Amino acid sequence: MNDINPELINFWRVIKLRPRELHAAADMLPNSERTYYKMRALEPTELPDLDRAVRFFYLNRYSFNGLYRTNRFGTYNVPYGGRRCGTLPPLAAFLTHSEALEAVDFSCADFEGFLMDSAREDDFVYLDPPYAVKGSRVSGEYDQRSFRHSDFERLVPLLELLNTIGAKFLLSYAADERVAKALSTYLRGQYGVRRRISGFRHGRTVTDEIVFSNYEPAS
């Protein structure tokens, strides 16, 4: 599993290897505005891996509408979401995730270098980049270095490479005509997907998503 966000990758590594410690540490933190902004003010790169993962989990759990967003300096800046964010999941959920990740290796790198170095014949590659359609504003969701519309030009030849070396791929993306035209040689399916994370209720609507693949997915 690869992602460009180091906070996310560190969290997955910790929940894989230390789920009980992660749950116990998160359980000690109250859901309060004071605690939230105290955690948000911490510099994650200066924290031990466990504390860094606790901070990521806590902020993501109790942020406004579960958003993850950074400013242009890479500083997390989502406000407190209040007490309607729910409670801490039980330890059993942490243990289930840890077990599911047992055989997973993690990488934190740009997608191009990662695929060039890692993809092999008979691999299955699932790609789910942020949906940066043309004209959309970059506002720091996921990471300031997150996938942008211009990055799609780097992605197309990588899909061609995967196809050439005999790897299967599945790419999910927003319904964008430029993208659909660039990938017209591959199989395509279109679906309505309900968005549950948005700054306002009216933004949580059903949107179209296109799935591309170089093989026939099972129905």
Side-chain angles (χ1 to χ4, degrees), residues 1-18 22 25-26 28-86 88 105-118 127-155 158 172-174 176 179 195-201 203-204 207:
M1 293 180 67
N2 176 72
D3 195 274
I4 203 170
N5 187 331
E7 302 310 309
L8 175 62
I9 294 302
N10 177 73
F11 172 77
W12 284 121
R13 285 173 173 156
V14 170
I15 200 172
K16 171 187 174 179
L17 299 172
R18 305 167 69 180
L22 179 61
M28 294 176 62
L29 298 172
N31 175 9
S32 70
E33 185 173 6
R34 181 169 181 252
T35 303
Y36 182 88
Y37 286 108
K38 181 179 179 181
M39 296 293 287
R40 197 181 81 165
L42 296 174
E43 171 50 55
T45 59
E46 297 176 358
L47 299 174
D49 288 347
L50 177 61
D51 294 342
R52 189 174 183 177
V54 171
R55 176 184 181 272
F56 175 85
F57 174 80
Y58 182 89
L59 294 178
N60 189 249
R61 184 70 182 178
Y62 300 121
S63 66
F64 178 68
N65 277 327
L67 297 175
Y68 186 94
R69 183 188 65 212
T70 60
N71 62 22
R72 62 191 180 95
F73 301 107
T75 302
Y76 183 83
N77 62 359
V78 181
Y80 177 55
R83 296 186 176 275
R84 295 180 297 174
C85 301
L88 179 73
D105 293 324
F106 296 97
S107 171
C108 185
D110 177 77
F111 71 92
E112 184 175 13
F114 175 76
L115 289 175
M116 292 287 289
D117 294 340
S118 304
L127 305 105
D128 185 28
Y131 300 161
V133 297
K134 188 174 183 180
S136 62
R137 184 171 61 92
V138 176
S139 53
E141 284 87 355
Y142 310 115
D143 192 283
Q144 281 294 324
R145 301 163 297 162
S146 186
F147 192 88
R148 305 187 183 197
H149 189 67
S150 58
D151 289 319
F152 190 78
E153 297 176 2
R154 296 194 292 139
L155 179 59
L158 286 173
S172 53
Y173 208 76
D176 179 81
V179 171
R195 297 294 169 210
R196 299 188 181 278
I197 296 180
S198 176
F200 300 95
R201 185 179 298 275
R204 302 168 198 164
T207 59

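Keep in mind that what you see is a predicted model, and the values were worked out from it rather than measured.
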- [ ] For side chain to side chain contact (heavy atoms under 4.5 Å, CB included), just list the numbers for R61 and L88, CA-CA rounded to whole Å, side-chain angles, deciding distance to a tenth of an Å, and then say yes or no.
- [x] CA-CA 8 Å; R61 184 70 182 178; L88 179 73; over 6 Å; no

Open item on the list: A side-chain contact here means heavy atoms from C-beta on lying under 4.5 Å apart; do Y80 and T35 qualify?
Closed with: no

TODO: Could you walk me through whether E7 and L59 pass side chain to side chain contact (heavy atoms under 4.5 Å, CB included), step by step?
DONE: CA-CA 11 Å; E7 302 310 309; L59 294 178; over 6 Å; no

Task: Short N-O contact, D49 and R52, less than 4.0 angstrom - done: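 Salt bridge absent between D49 and R52.
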
Locate the shortest heavy-atom distance separating [X] from [Y]; write the atom from each residue and the value.
{"X": "F111", "Y": "D151", "answer": "CZ-O, 3.8 Å"}
{"X": "I4", "Y": "P6", "answer": "O-CD, 3.2 Å"}
{"X": "L158", "Y": "E112", "answer": "CD1-CA, 3.6 Å"}
{"X": "N10", "Y": "A53", "answer": "ND2-N, 3.4 Å"}
{"X": "P79", "Y": "R69", "answer": "CD-NH2, 4.0 Å"}
{"X": "S172", "Y": "D128", "answer": "OG-OD1, 2.9 Å"}

Nearest 0.5 Å please: distance from the [atom1] atom of [X] over to the [atom2] atom of [Y].
{"X": "R13", "Y": "D105", "atom1": "CZ", "atom2": "CG", "answer": "9.0 Å"}
{"X": "D110", "Y": "N2", "atom1": "CG", "atom2": "CG", "answer": "8.0 Å"}
{"X": "R40", "Y": "T75", "atom1": "CZ", "atom2": "OG1", "answer": "9.5 Å"}
{"X": "N77", "Y": "R72", "atom1": "CG", "atom2": "CZ", "answer": "12.0 Å"}

Task: Pair D3-F114, side chain to side chain contact (heavy atoms under 4.5 Å, CB included): steps then yes or no - done: CA-CA 9 Å; D3 195 274; F114 175 76; over 6 Å; no

Task: Polar side-chain atom of R55 near backbone of E43 as donor-acceptor pair, under 3.5 Å - done: no

- [ ] Look at the side chain of N65 and the backbone N and O of L67, then say whether any donor-acceptor pair between them is shorter than 3.5 Å.
- [x]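 Side chain of N65 to backbone of L67: no pair is present.
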
Open item on the list: Given F11, which partner from the list F56, F106, Y58, Y68 fulfils the ring-ring contact (aromatic ring centres under 6.0 Å, His included) test?
Closed with: F56

TODO: Please test L42 against Y76 for side chain to side chain contact (heavy atoms under 4.5 Å, CB included), starting from the C-alpha separation and ending with a verdict.
DONE: CA-CA 10 Å; L42 296 174; Y76 183 83; over 6 Å; no

